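Reminder, nothing fancy here: chain letters follow the sequence lines and each chain counts from 1. Small disclaimer: the values here were computed from a predicted structure and weren't measured.
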Number of protein chains: 2
Amino acid sequence: MEERILSFREKARKAGLKLTPQRLAVYKELISRTDHPGAEELYESLKEKIEGISLTTIYRTLASLERAGLVIRVPTLRDKVRYDARTEPHSHFVCLECGRVYDMDCDFKENLKLSEIPEGFEVKSCSLVCYGICKECNSSNK
Amino acid sequence: MEERILSFREKARKAGLKLTPQRLAVYKELISRTDHPGAEELYESLKEKIEGISLTTIYRTLASLERAGLVIRVPTLRDKVRYDARTEPHSHFVCLECGRVYDMDCDFKENLKLSEIPEGFEVKSCSLVCYGICKECNSSNK
DNA sequence: GTGGGTGCAAAGACTTTGCAAGACG
DNA sequence: CGTCTTGCAAAGTCTTTGCACCCAC
């Protein structure tokens, strides 16, 4: 956690991002959670911690952090955009019922036949997502 | 193509969906294209072919077809939802610049270690998506 | 015939933008 | 101190919903 903050400071600086309390708070919140929150959820948590923070700032901060490679979007198939501060390749499980997003450690990268990517295309990242029904929903459906 | 329409009729019937000209048109349009259109793009094409078709109907049709398992959503990381009538597992390449979506035939399923899925979770489908810059954008950036 | 489907208009959810004031480096 | 960032409000984009009419089965 501490080291991630340090790395954050450095990466942010490299990307030309000023280190504001808002940005630090958003990033800290994101690495402290495993539920892959969207802008609204981050706002709900942070408005108690950072006085006067606005939803707009959350959105803008997430966009900046994404551009700087400090956070990634999670492909949920749903309307709302969710974010993840784990930027190393890993997988996600998305519940089609409640929308919860879980981390998975499926290592798909090593098995991937990247030879199938057509010439002229440049792959920057890959994402494996499984969709289904999560434990919570499975048990409450009974 | 013809066989897909036949299978469509049957699956639609099984799902309790009435076979309206609008639904058939949406499905036909979707299987005839490889660019994974969203509701708006489908509407633009179809309003010339089906007199008086509405955007609302496109949205509702896509929702019905998705529920019936006849089309799937493509996880693009972007705002707009795109659809694909190829429901068998395959992969996609999403261009981060222009938003175009391409099909890929990476066969990741057989290599996937599904053992890593936690107990109580039920996987219904998986999706592998590569994000990057497509051929078009790569060449126009020069 | 009748229950689901359609079209229109309006509402809704999420996200972005313009602008003036403020803060980081 | 200048430039990037913030907060507020308003606008924008995509999608869903209510309601009356219509059509496939």
Worksheet item: Expressed in angstrom and rounded to an integer, what is the separation of Tyr59(B) atom OH from dG7(C) atom C1'?
Response: 15 Å
Worksheet item: Does Val101(B) reach the side chain of Val129(B), with side-chain heavy atoms less than 4.5 Å apart?
Response: no
Worksheet item: Is the side chain of Asn138(A) donor-acceptor paired with the backbone N or O of Gly120(B) at a distance under 3.5 Å, no angle test?
Response: yes
Worksheet item: Do Asp103(A) and His92(A) have side-chain heavy atoms sitting under 4.5 Å apart?
Response: yes
Discussion item. Let me check the geometry of the helix from dG1(C)-dC25(D) to dG25(C)-dC1(D). What is the bend angle between the axes at its two ends, five pairs each, to 10°?
Written reply: 50°
Worksheet item: So how far is it from Arg73(B) CZ to Thr76(A) OG1, rounded to the nearest 0.5 Å?
Response: 9.0 Å
For nucleotides 1-3 of chain C, give me every protein contact, N/O to N/O, under 3.5 Å, one pair per line with atom names.
from	atom 1	to	atom 2	distance (Å)
dG3(C)	N2	Lys18(B)	NZ	2.7
dG3(C)	N3	Lys18(B)	NZ	3.4

Worksheet item: Within this structure, what is the CZ-to-P distance between Arg82(B) and dC14(D), rounded to whole angstrom?
Response: 11 Å
Response to the item:
Whole-Å distance, Leu24(B) CG to dC25(D) C1', equals 16 Å
Worksheet entry | Minimum side-chain heavy-atom gap Cys130(B)-Met104(B) below 4.5 Å | yes
Fill in: Backbone N/O of Glu136(B) and side chain of Arg100(B): donor-acceptor pair under 3.5 Å
no
Discussion item. Under a 3.5 Å distance rule, please check whether Arg82(B) uses its side chain to pair with a backbone N or O of His36(B) as donor and acceptor.
Written reply: yes
Using a 3.5 Å cut-off and no angle test, enumerate the donor-acceptor pairs between side-chain atoms of residues 43-59 of chain A and protein atoms at least two apart in sequence or in another chain.
from	atom 1	to	atom 2	distance (Å)
Glu44(A)	OE1	Lys47(A)	NZ	3.3
Ser45(A)	OG	Glu29(A)	OE2	3.4
Ser45(A)	OG	Arg33(A)	NH1	2.9
Ser45(A)	OG	Glu41(A)	O	3.4
Lys49(A)	NZ	Glu29(A)	OE1	2.8
Ser54(A)	OG	Thr57(A)	N	3.2
Ser54(A)	OG	Thr57(A)	OG1	3.1

Worksheet item: With Phe121(A), which residues qualify under ring pair (Phe, Tyr, Trp, His ring centres under 6.0 Å), at least two apart?
Response: Phe93(B), Tyr102(B)
Provide a list of protein-nucleic acid N or O atom pairs under 3.5 angstrom, restricted to nucleotides 7-11 of chain D.
from	atom 1	to	atom 2	distance (Å)
dG7(D)	OP1	Gln22(A)	NE2	3.2
dG7(D)	OP1	Gly52(A)	O	3.0
dG7(D)	OP2	Ser54(A)	N	3.3
dG7(D)	OP2	Ser54(A)	OG	3.3
dG7(D)	OP2	Thr57(A)	OG1	2.3
dG7(D)	O5'	Gly52(A)	O	3.4
dG7(D)	N7	Arg60(A)	NH2	2.9
dG7(D)	O6	Arg60(A)	NH2	2.6
dA9(D)	N6	Thr56(A)	OG1	3.2

Side-chain donor-acceptor distances from residues 19-26 of chain B under 3.5 Å, at least two apart:
from	atom 1	to	atom 2	distance (Å)
Thr20(B)	OG1	Arg23(B)	N	3.2
Arg23(B)	NH1	Lys18(B)	O	2.9

Worksheet item: Separation of Leu62(B) atom CG from dT6(C) atom C1', in whole Å?
Response: 15 Å
Worksheet entry | For atom CD of Glu41(A) and atom P of dC14(C), their distance in whole Å | 9 Å
Worksheet item: Is Cys134(A) close to Cys98(A) at the side-chain level, that is, under 4.5 Å between some pair of heavy atoms?
Response: yes
Item to complete: Could you please name the option among dT16(C), dT6(C), dT6(D) that lies closest to any side-chain atom of Thr20(B)?
Response: dT6(C)
Worksheet item: When you match Glu40(B) and Leu17(B) each to their closest nucleotide on DNA chain D, which lands nearer the 5' end?
Response: Glu40(B)
Fill in: Length of the line joining Arg23(A):CZ and dT5(D):C1', which is rounded to integer Å
6 Å
